[in-house]
**Q** 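Before I ask anything, here is the structure I am working with.
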Amino acid sequence: MAWDFSTEPEFQAKLDWMREFVRGEIYPLEVLDFDWRQFRDIAKPLMEQVKAQGLWAAHLDPQYGGQGYGQVKLGLMHEVLGASDLAPPIFGNQAPDSGNSQLIAMAGTEEQKERWMKPLLDGEMYSAFSMTEQGTGSDPTQFKTTAVRDGDDWVINGTKFLVGNAERSDFHILMARTNLAPDADRHRTMSMIIVPADSAGIEMRTLGLMHDTHADGKIHSHSEVHYRDVRVPVANLLGEEGGAFKLAQDRLGPGRIHHCMRWIGVCRRAFDDLCERAVSKSVHGSLLSEKQMIQDWVATSAAAIEAARLLTLHAAWKIDTEGAYAARTEISMIKYHGATVMHEVLDKAIQVHGALGFTADMPLEEMYRWSRAARLYDGPDEVHKVGVAKRILRNYAPHDIPSDHMPTRREAAIVKYGALLDTLALT
């Protein structure tokens, strides 16, 4: 039995450095005015400091310039980085680029790794993951975007929705239908294809979001992307034809660990704001921290954050020890549980600040609006709950009489121990 909640001293030292670096070097950037292009220039010297610490792109194996950290260590790193949305790109592990680099590392040819992954890891290129389609819900088997072979090219037609950084990227990794046969195995009809963002026939429409209505975010933008007779070489196929479903799960499973641990970072920042406010302000003759209602918020939030953290680290540990497929239930649980905890902690932090929390003078209101997306991306909560319930219920068999039915159990117990009881009664 090997349950261990400690962190090795060498790695703890790295986490401590990260925490001070994020607070000292990245937090100040949050209150300055610059656009996403300027941010990429501002970030470069900070990236060099991260690289000097051996923490750059830590999600990848050493041969690709990363550290080869498992999911537990990556999760602990993302807990620190989640406190600021400016932090992940400075550490080379922001979505969607981190997941896309993993995809190319897993399935790309040597030529694809050299052309697309290396510049991505060096911070010279940026990417988008073009998967979601409007109106298909969470069922990718309904995707209508097609890629049809025509000589040495794929010809792509279709529309993708809410594609992160599509307009700011150098290439898209597109999930498209390549097998149009009506009787084809629906989980073998899709393929991943690398599409240069400047390809002829791509049109994009910027989307305002709940937390970024003017689409001027420093890190991310989102777009509706139209592919109209877009041609790319057949050699841009990523992995095998028909292999997109497996690749998507290999990408999204570990990625959910990173999302959820970043949410813990969000929770901790909001919780710190909540507690600071509670010990700083008085109403009706006493500090907020002395009010039982606020004490309940503090105690409940602390327990919820710790429970979500441990649940997520357990899922990470299971991926490290048994693989992502074996951890499907745990991954889904952290997705819907973590999103709910983050929303509730942010809500309490805003509430304790009153009118101030509702204004942009505090970061909480934007964090609150941003957090709503957590219940949608990488699969909506409802789908994850259905999957968890189905997998759990497979372990149970139907019984006409409940297996814990007391009268029935008593009859069986008398058969098992009746003779012994009779003997004891005679003595």
**Q** Using 0.5 Å steps for rounding, measure from the CG atom of Leu364 to the CG atom of Asp347.
**A** 10.5 Å

**Q** Provide the closest heavy-atom pair for Ala128 versus Val163 in the form atom of the first, atom of the second, distance.
**A**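 For Ala128 versus Val163, the nearest heavy atoms are CB-CG1, 3.9 Å.
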
**Q** Please check if the number of heavy atoms outside Glu8 that lie under 6.0 Å from its CD is greater than 12.
**A** yes

**Q** I would like to know whether Ile173 and Ile104 meet side-chain contact (heavy atoms from CB on, under 4.5 Å); could you show each step before the answer?
**A** CA-CA 9 Å; Ile173 294 183; Ile104 300 174; 4.2 Å; yes

**Q** Check whether any side-chain heavy atom of Leu238 lies under 4.5 Å from a side-chain heavy atom of Ile193, and answer yes or no.
**A**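 Not in contact.
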
**Q** For Ser371 and Met342, work out which heavy atoms get closest and say how close.
**A** CB-CE, 3.7 Å

**Q** Can we call the ring centroids of Phe171 and Tyr126 under 6.0 Å apart?
**A**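 Distance test on ring centres: not under 6.0 Å, no.
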
**Q** Listed by chain and number, what are the side chain to side chain contact (heavy atoms under 4.5 Å, CB included) partners of Arg372, not counting sequence neighbours?
**A** Met210, Arg375, Leu376

**Q** Could you grab the distance from atom OG1 of Thr109 to atom CD1 of Ile194, nearest 0.5 Å is fine?
**A**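 That separation rounds to 7.5 Å.
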
**Q** Salt bridge or not for Arg269 and Asp272, using N-O below 4.0 Å?
**A**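 Asp272 and Arg269: not salt-bridged.
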
**Q** Mind jotting down which residue pairs meet the ring pair (Phe, Tyr, Trp, His ring centres under 6.0 Å) criterion with at least one end in residues 228-253? Sequence neighbours excluded, please.
**A** His187-Phe245

**Q** Dump the intermediate steps for side-chain contact (heavy atoms from CB on, under 4.5 Å) on Met204 and Glu224, then the final yes or no.
**A** CA-CA 6 Å; Met204 296 182 246; Glu224 182 177 57; over 6 Å; no

**Q** Which residues pass the side chain to side chain contact (heavy atoms under 4.5 Å, CB included) test with Glu124, sequence neighbours left out?
**A**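 Applying side chain to side chain contact (heavy atoms under 4.5 Å, CB included) to Glu124 gives Pro119, Asp122.
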
**Q** Quick check: do Asp139 and Thr136 have side-chain heavy atoms less than 4.5 Å from each other?
**A**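 Not in contact.
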
**Q** So Lys291 and Ser286, do their side chains get closer than 4.5 Å, heavy atoms only?
**A** yes

**Q** According to side chain to side chain donor-acceptor pair (under 3.5 Å), who are the partners of Tyr377, at least two apart in sequence or on a separate chain?
**A** Trp263

**Q** Does either side chain, that of His384 or that of Ser332, offer a donor lying less than 3.5 Å from an acceptor on the other one?
**A** yes

**Q** Are there more than 12 heavy atoms of other residues, nucleotides or ligands under 6.0 Å from atom NZ of Lys118?
**A** no

**Q** Under 4.5 Å between any side-chain heavy atoms of Val225 and His172, yes or no?
**A**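 Counting from C-beta outward, Val225 and His172 do come under 4.5 Å.
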
**Q** Within the structure provided, determine whether Trp297 and Gln292 are in side-chain contact (heavy-atom separation under 4.5 Å).
**A**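 No - every pair of side-chain heavy atoms lies 4.5 Å or more apart.
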
**Q** Going by atom types only, do Ser199 and Tyr227 share a side-chain donor-acceptor pair under 3.5 Å?
**A** no

**Q** Would Ser84 and Glu30 satisfy side-chain hydrogen bond (donor to acceptor under 3.5 Å, both in side chains), going step by step from the backbone distance to the final call?
**A** CA-CA 8 Å; Ser84 174; Glu30 295 176 344; 2.7 Å; yes

**Q** Would you name the heavy atoms of Ile264 and Ala308 that are closest together and state the gap between them?
**A** CD1-CB, 3.7 Å

**Q** Tell me, which pairs form a ring pair (Phe, Tyr, Trp, His ring centres under 6.0 Å) where one or both residues lie in residues 82-104, sequence neighbours left out?
**A** Phe21-Phe91

**Q** From Leu32 CG over to Phe39 CZ, what is the distance, rounded to the nearest 0.5 angstrom?
**A** 11.5 Å

**Q** Given salt bridge (Lys or Arg N to Asp or Glu O under 4.0 Å), test Glu167 with Arg205 step by step and report yes or no.
**A** CA-CA 9 Å; Glu167 295 177 281; Arg205 178 176 70 91; over 6 Å; no

**Q** Check the surroundings of atom CZ in Phe34: do more than 12 heavy atoms from other residues, nucleotides or ligands lie under 6.0 Å from it?
**A** yes

**Q** Measure the CD1-NZ distance between Ile331 and Lys318 for me, rounded to the nearest 0.5 Å.
**A**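 So the CD1 of Ile331 and the NZ of Lys318 are separated by 9.5 Å.
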
**Q** Under a plain distance cut-off of 3.5 Å, with no hydrogens placed, do Thr132 and Lys160 share a side-chain donor-acceptor pair?
**A**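 The answer is no; no qualifying pair exists.
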
**Q** Kindly state each residue pair satisfying ring pair (Phe, Tyr, Trp, His ring centres under 6.0 Å) with at least one member in residues 326-358, sequence neighbours excluded.
**A**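 Those involving residues 326-358 are His343-Tyr368.
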
**Q** To the closest 0.5 Å, what do you measure between CE (Met192) and CE (Met190)?
**A** 10.5 Å

**Q** Any side-chain heavy-atom pair from Trp116 and Ser127 closer than 4.5 angstrom?
**A** no

**Q** Give the C-alpha distance, both sets of side-chain angles, the deciding distance and a yes or no for side-chain contact (heavy atoms from CB on, under 4.5 Å) between Leu46 and Leu29.
**A** CA-CA 11 Å; Leu46 298 176; Leu29 296 177; 3.9 Å; yes

**Q** Donor-acceptor pairs under 3.5 Å, side chain of residues 143-152 to any protein atom, not counting sequence neighbours: which ones?
**A**
from: Thr145; atom 1: OG1; to: Glu133; atom 2: OE2; distance (Å): 2.7
from: Thr145; atom 1: OG1; to: Thr159; atom 2: N; distance (Å): 3.4
from: Arg149; atom 1: NE; to: Gly151; atom 2: O; distance (Å): 2.9
from: Asp150; atom 1: OD2; to: Arg231; atom 2: NH1; distance (Å): 3.2
from: Asp150; atom 1: OD2; to: Arg231; atom 2: NH2; distance (Å): 2.5

**Q** Can you list every side-chain hydrogen bond (donor to acceptor under 3.5 Å, both in side chains) pair that touches residues 275-285, not counting sequence neighbours?
**A**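 Of all non-adjacent pairs touching residues 275-285, none passes side-chain hydrogen bond (donor to acceptor under 3.5 Å, both in side chains).
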
**Q** To the nearest 0.5 angstrom, please state how far the CD1 atom of Ile219 sits from the CG atom of Leu86.
**A**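 The CD1 atom of Ile219 sits 5.0 Å away from the CG atom of Leu86.
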
**Q** Does the side chain of Phe129 reach to within under 4.5 Å of the side chain of Asn165, using non-hydrogen atoms?
**A** no

**Q** Tell me the closest heavy-atom pair linking Ala248 and Met131, and the distance in Å.
**A**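 Heavy atoms of Ala248 and Met131 come nearest at CB-CE, 4.4 Å.
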
**Q** Ignoring hydrogens, what is the shortest heavy-atom contact between Asp170 and Met125? Give both atom names and the distance.
**A**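 Heavy atoms of Asp170 and Met125 come nearest at OD2-CA, 3.1 Å.
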
**Q** Hey, does Glu79 have a side-chain heavy atom less than 4.5 Å from the side chain of Arg268?
**A** yes

**Q** Got a sec, which pairs hit side-chain hydrogen bond (donor to acceptor under 3.5 Å, both in side chains) with one end in residues 236-262, sequence neighbours left out?
**A**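 Residue pairs passing side-chain hydrogen bond (donor to acceptor under 3.5 Å, both in side chains), neighbours aside: Gln71-His258, His78-Arg262, Asn100-Arg251, Arg188-Glu240, Lys246-Asp250, His259-Arg262, His259-Asp378.
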
**Q** What side-chain hydrogen bond (donor to acceptor under 3.5 Å, both in side chains) pairs are there with at least one residue in residues 33-59, not counting sequence neighbours?
**A** His59-Ser101

**Q** Could you go through Val232 and Val155, starting from their C-alpha distance and side-chain angles, then the distance that decides it, and tell me whether this counts as side-chain contact (heavy atoms from CB on, under 4.5 Å)?
**A** CA-CA 7 Å; Val232 299; Val155 180; over 6 Å; no

**Q** Can you list everything that forms a side chain to side chain contact (heavy atoms under 4.5 Å, CB included) with Thr300? Sequence neighbours excluded, please.
**A**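 In terms of side chain to side chain contact (heavy atoms under 4.5 Å, CB included), with neighbours along the sequence ignored, Thr300 is linked to Asp296.
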
**Q** List for me each residue that meets side chain to side chain contact (heavy atoms under 4.5 Å, CB included) alongside Gln134, sequence neighbours excluded, and say none if there are none.
**A**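 Partners of Gln134 by the side chain to side chain contact (heavy atoms under 4.5 Å, CB included) criterion, ordered by chain and then number, come out as Phe161.
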
**Q** State whether the number of non-hydrogen atoms from other residues, nucleotides or ligands found under 6.0 Å of Glu365 atom CD is greater than 12.
**A** yes

**Q** Hey, mind stepping through Lys113 and Glu110 against salt bridge (Lys or Arg N to Asp or Glu O under 4.0 Å) and telling me if it holds?
**A** CA-CA 5 Å; Lys113 291 173 184 175; Glu110 291 306 313; 3.6 Å; yes

